[in-house]
Amino acid sequence: MTRNLRAWLGDGPLSLDLVDTRLLRGTLPEDAQAVRKVWRRAKYCVIERENDAWVLHFRMTGKVVLERPGGKLRARLLTLGTPVHFLDARCLGELVVLPRAELKAHFQAKHLGPEPFPEPQSAAWWEERLHGLRGALKPALMRQDRIAGLGNIAASEICFRAGVDPRTLVPQVQSWDRIADEAWAFLHEVIEQESGPEIHYVNEAGSSNPFQVYGRAGEDCPRCGAPIQRFLQSARSTFACPRCQGA
DNA sequence: ATTCGTGTTTCAAA
DNA sequence: GTTTGAAACACGAA
């Protein structure tokens, strides 16, 4: 979505047409300031204009699209060209407007860990990032203050691809090398997969499930055919293969 | 007809 | 310091 926004917004004047006021945190931005830069940090997308910055988060169901919205429209991003629609069925997403000068402090306050992508990281790096945690691996992978940007789906998929039981306690994890490789591979693949004009979420009507285990409880494991299990970890659904992952 | 569950984060409390 | 649970929200499915 950050790539799309960068292309769609260009570097001309940008204005906000706020449809649902709950989306906005902070005061209404000035009209028509030029876009300087569009970038991503963890799951936040940042649009820097001349004097301010818009920090977007899509939470569970938010997305930006170009085409006429089929979903709940919460805001429009207006450029000289085609408007960009911020859709969000549940409206848990947010658009934070703040002076550009406050951007650094804004992110520092979030205590986000380093990025696992696009630069690949080593086995030692993954182990070090989760060092000191005593709980299960999968919730640990989702700790944004340790490693930024992995969510519930990524955590399940990475554990599966690495052949590790998501309930393995972090101190007991052996295959950091597999985790390092498969985490990068998953992120790379899913970003390529989702590239295009619109993100399609798994639960939306008519969308297919591109994942190997997520959302596939009861289906056959793509590697060994055993039925995929679903269980809860920290109140989030985990999907795993009982045979491939010893789960 | 209620309850559940949901690509997330934050805050309080155990 | 680490881990868990609830809340913000809307809505289809169980």
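Note: hydrogens, waters and symmetry copies are ignored here, and every other heavy atom, side chains too, is used. Each chain gets a letter, A, B and so on, in the order its sequence line appears, and its residues count up from 1.
The distance from atom CZ of A:Arg143 to atom P of B:dC11 is 15 Å, rounded to the nearest whole Å. At whole-Å resolution of the value, CG in A:Leu141 and C1' in B:dT8 are 16 Å apart. A:Arg74 has its CZ atom 11 Å from the P atom of C:dC9, to the nearest Å. Rounded to whole Å, atom P of C:dA10 lies 16 Å from atom CG of A:Leu87. If you take CZ of A:Arg167 and P of C:dT4, they are 14 Å apart, rounded to a whole angstrom. Rounded to whole Å, the distance from CZ on A:Phe231 to C1' on B:dG5 is 17 Å. Spacing between atom CE of A:Met60 and atom P of C:dA7 amounts to 16 Å, rounded to whole angstrom units. Atom CG in A:Asp145 sits about 9 Å away from atom P in C:dT2, given to the nearest Å.
For A:Leu92, whose side chain is taken as the heavy atoms from C-beta onward, the closest listed nucleotide among C:dC9, C:dA10, B:dT9 is C:dC9. When the nucleotides C:dT2, B:dT10, C:dC9 are ranked by their closest atom to the side chain of A:Lys110, B:dT10 comes out on top. Picking from B:dG5, C:dT3, C:dT4 the nucleotide with the shortest atom distance to the side chain of A:Arg230 gives B:dG5.
Contact annotation for A:Glu194: base contact, defined as any heavy-atom pair under 4.0 Å involving a base atom. Within the 4.0 angstrom heavy-atom criterion, base atoms lie near A:Phe211. Among the atoms of the strands shown, only primed sugar atoms or phosphate atoms (P, OP1, OP2) are found under 4.0 Å from some heavy atom of A:Tyr214. Contact annotation for A:His111: no contact, since no heavy-atom pair falls under 4.0 Å across all strands. Counting any heavy atom pair closer than 4.0 Å across all strands shown, A:Ala235 reaches no nucleic acid atom.
Residues A:Arg49 and A:Ala32 come closest through the heavy atom pair NH1-N, 4.0 Å. In terms of heavy-atom proximity, A:Leu23 sits nearest to A:Ala75 at CD2-CB, 3.7 Å.
Under the Watson-Crick or G-U wobble criterion, with both distances below 3.5 Å, C:dA8 is paired with B:dT8.
Checking the phosphate oxygens (OP1, OP2) of C:dT2, a side-chain nitrogen or oxygen of A:Arg146 falls inside 4.0 Å. At the phosphate of B:dT8, OP1 or OP2 sits under 4.0 Å from a side-chain N or O atom of A:Arg236. Listed pair A:His57 / B:dT9 meets the phosphate criterion, a side-chain N or O lying under 4.0 Å from OP1 or OP2. For A:Lys43, a side-chain nitrogen or oxygen approaches OP1 or OP2 of B:dT9 to under 4.0 Å. At C:dT3, none of the side-chain N or O atoms of A:Ser234 fall inside 4.0 Å of OP1 or OP2 (strictly under the cut-off). Between A:Lys72 and the phosphate of C:dC9, there is no side-chain N or O to OP1/OP2 separation shorter than 4.0 Å. Between A:Arg22 and C:dA10 there is a side-chain polar atom (N or O) within less than 4.0 angstrom of OP1 or OP2.
Taking the charged nitrogens against the carboxylate oxygens, A:Asp181 and A:Arg178 have no contact shorter than 4.0 Å, which rules out a salt bridge. In summary, A:Arg22 and A:Glu94 do not engage in a salt bridge, as defined by a charged side-chain N under 4.0 Å from a carboxylate O.
Going from the P atom of B:dA1 to that of C:dC9 covers 25 Å, rounded to whole Å. To the nearest whole angstrom, the two P atoms, one in C:dA7 and one in B:dT3, are 14 Å apart.
Remark: A:Arg216 is not positioned above the aromatic ring of A:Phe160, lacking an NZ or CZ atom under 6.0 angstrom from the ring centre and at most 45 degrees off the axis. Judged by the 6.0 Å distance and 45° axis criteria, A:Arg167 is positioned over the aromatic ring of A:Phe231.
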